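Just below is one structure, and these are the notes that go with it.
Within every chain, numbering begins at 1; the chains are lettered A, B, ... in the order of the sequence lines, protein sequences first and strands thereafter. As the structure is a prediction and not an experimental result, all values here were calculated from the model.
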Amino acid sequence: MHDLRMVRDQVDALREGMRRRGKLDQFAPVIDEAEALDRERRAAITAVEEKKAQRNVLTQEVGRLKKAMADAEAPMAAARALGDEIVALEARLAPTEARLTELLLDIPNIPLADVPAGDESHNRIVREWGTPRAEGSAKPHWEVGATLGLLDLERGAKVAGSGFVVYRGAGARLLRALANAMLDLHTGEFGYEELWVPTLVNRATMTGTGQLPKFEDDMYGVKDDDLFLIPTAEVPITNLYREEILAASDLPRGFTAMSACFRREAGSAGKDTRGVLRVHEFHKVELVRYCEPEQGEAELERLVGHAEAVLQRLELPYRVVLLAAGDTGFSSAKTYDLEVFSPGVGAWLEVSSCSVCTDFQARRANIRYRPEGGGKPRFVCTLNGSGLAFPRVFAALLEHHQRPDGSVALPAFLRPWMGRDVIDVAR
RNA sequence: GGACAGGUGGCCGAGUGGUUGAAGGCACCGGUCUCGAAAACCGGCAUACCGGCAACGGUAUCGUGAGUUCGAAUCUCACCCUGUCCGCCA
C-alpha cells in the first residue's frame, strides 16, 4: 500500500513506476481517481472537525453549568443540532475513505531505480555459478522418480487431485533432508531465527503482505472461518510483528521457516507443469528479513547470497536473474530469481525469488520501529526469499546428479540426513 | 462448544458518565551531582489524521464495530482475543 502522500506529492514517481511495470494504462485512471478522492476527503475532514470542535466547546459548557446546578438547555440543544450535522457530514466522508483505501491497496509497489523497465523479455542475468549439464543428458525427474520409487504422481492425483504429489521412500526422505540441511544452514551460519508457523491465516494477515484483496481468487480459502491457506511462509512470518513497534536494535533481523505452500495456479495448466514443476501444494524453506529502509538493497544482496549458498552446497549450477519491472511481483520493489538448469526438462527452473518490498508491506501491516535515540516510529523494510523451494530442487537434484545407470548421487550437504551417498534401485 | 474473569500508552498498572490523552511505576532521552559510572534529584517522553512555511492549532484513538447521551476509557449490544474451569480431542 502506498502512503496517501505518495498520491499527493509524488504522483509522478507513482505513474513512472507503473509505466516501467507496463501498467500505466491500467493504473493512470486509478491514480487520477485517488487524487480526486484525496481532495474530497481532506475537505470533508476539515468540515467535520470544525463542527466537532464547536460541539466540544458546547459540551464542556454543559458540564460547567450542570455542576453549578444551572440551566444547560440552550447549549445542549445547540450541541444536539451540531451532532446531526456531524452525522450527515460523516456519512458523506465514509464512502470516500473506503474507496480511497480500496484504490491504494490495489496499486503495486514502485520498482527501484536499477530495475529494468518492461516485461520479462527485459529480465537480466546478473551472474552464473557452475556449469549446467547439456539438455537431454539426463532423464527427466518424473522418469527417474518413478523408476527409483521416489514419486507417485498417480496416487497424489487420486487422493487430492491433479497437481498434488506423493513422495515415497528415499524421495520422501530427501525432502526431509532438504528441510534439515537448509534450516541448519540458515540458522547456524547466517543467523536466522527458526520458526514454525501456521499455514492457515486470517484475512488481515493476507492483506498485510499483499495477497489480498487483489489476489483472493489465487488463494485457497476456508470460507466458513474466513481463513486462507498460505501461498508462502512469507505471509505468516512477515505478519509476525503486524501492528507492532520494534526497537532499532532489533534490526536487521532474519527469520526462517519450513512450511507447506498452497497455490491454486488457476489457468496455468500445460506450461512447465510436468512432474513436480508446478503443483498446488509444496514445501519450502522461507527466509524473511526486517531492516531499516536505508539497508533494503544491501539486505537484498545478503538474502540472495543466503539462498545461493544452498544451491552451491547442493552442487547445482544456477544463474541469478534480475527481474524487469513488469515481471516483479505486486509487493516487491526489486526481485532476483535463482534459476537452476534442468537437463531432463530442458528449462531453467525458478527455485527462489528474493525480493525487497521496501515499506510497502510494512505500511499495509503497520510494522514499525523506533529509530536509534528515539523519534517518530518509521516503517521497517521487509524482504523475503525462498531458501529454497523443494519440488524444483528435488527435480534438479534427480537430473543434475543423475548417473549413467539412472541412480542419483547425493551431494555431501545432504548425506548426513540421507544415510547414504546414492539413491539407486537397489534401495 | 459451555461457564466465569479480563482486554488501558514501548512495558506494567490506576481509573465506572463531564478540563482523562488518560494517575503512578518501569524503560528511554536531556540535565544536576561525579574524575567517571551507579544512586539520588529535576525536566522531557503516545500514535494517526486535518490545517499551517513554521511556531502551533484542531480532530480522533483506552481490543474491534455499532448504540445510548449535550458529553463515553467509563453505560448497552454484537464480535474478536487472552486467562481459568468444564466438555471434546491429535
- Query: When you measure from the side chain of A:E399 to the backbone N and O of A:G344, does any donor-acceptor pair fall under 3.5 Å?
  - Reply: yes
- Message: Looking at A:Y192, I'd like to know if the NZ or CZ of A:R289 sits under 6.0 Å from its six-membered ring centre while staying within 45 degrees of the ring's axis.
- Response: yes
- Item | Closest to side chain of A:T59, choosing from B:C50, B:A48, B:G71 | B:G71
- Query: If the C1' atom of B:C33 is compared with that of B:U82, how far apart are they to the nearest Å?
  - Reply: 46 Å
- Item | Dot-bracket pairing map - RNA chain B, Watson-Crick plus G-U, both contacts under 3.5 Å, | cross-strand | ((((((((.[[[..)..(.....]]].(((((.......))))).((((((....)))))).[[[[[..)....]]]]])))))))....
- Task: Report yes if some heavy atom in the side chain of A:L103 is under 4.5 Å from a heavy atom in the side chain of A:E33; otherwise report no.
- Result: yes
- Item | Value rounded to 0.5 Å, distance of CD in A:Q361 from CG in A:N366 | 13.5 Å
- Item | Under-4.0 Å side-chain N/O to phosphate OP1/OP2 contact, A:R41 with B:C49 | no
- Side-chain donor-acceptor pair present, A:T232, A:K284, cut-off under 3.5 Å: yes
Check nucleotides 60-62 of chain B against the protein and report each pair of N or O atoms closer than 3.5 Å, with its distance, or say if there are none.
{"residue": "B:A60", "atom": "OP2", "partner": "A:N56", "partner atom": "ND2", "Å": "3.4"}

- Donor-acceptor under 3.5 Å (A:D327 side chain, A:E120 main chain): no
- Assert yes or no for the condition that the ring centre distance of A:F390 to A:F282 is strictly below 6.0 Å. no
- Query: How many Å lie between CD on A:Q60 and P on B:C70, as a whole number?
  - Reply: 17 Å
- Message: With a cut-off of less than 4.0 Å, is there a side-chain N or O of A:R42 near OP1 or OP2 of B:G51?
- Response: yes
- Starting from C1' on B:C50, measure out to NZ on A:K51 and report it in whole angstrom. 16 Å
- Item | Short side-chain N/O contact to B:C70 OP1/OP2 from A:R80, under 4.0 Å | yes
- Between B:C75 and B:C88, how far apart are the C1' atoms? Round to whole Å, please. 37 Å
- Item | B:U19 phosphate, OP1 or OP2, under 4.0 Å from A:R64 side-chain N/O | no
- Message: For A:F228 and A:F262: C-alpha separation, side-chain torsions, deciding distance, then whether ring-ring contact (aromatic ring centres under 6.0 Å, His included) applies.
- Response: CA-CA 9 Å; A:F228 299 86; A:F262 302 87; over 10 Å; no
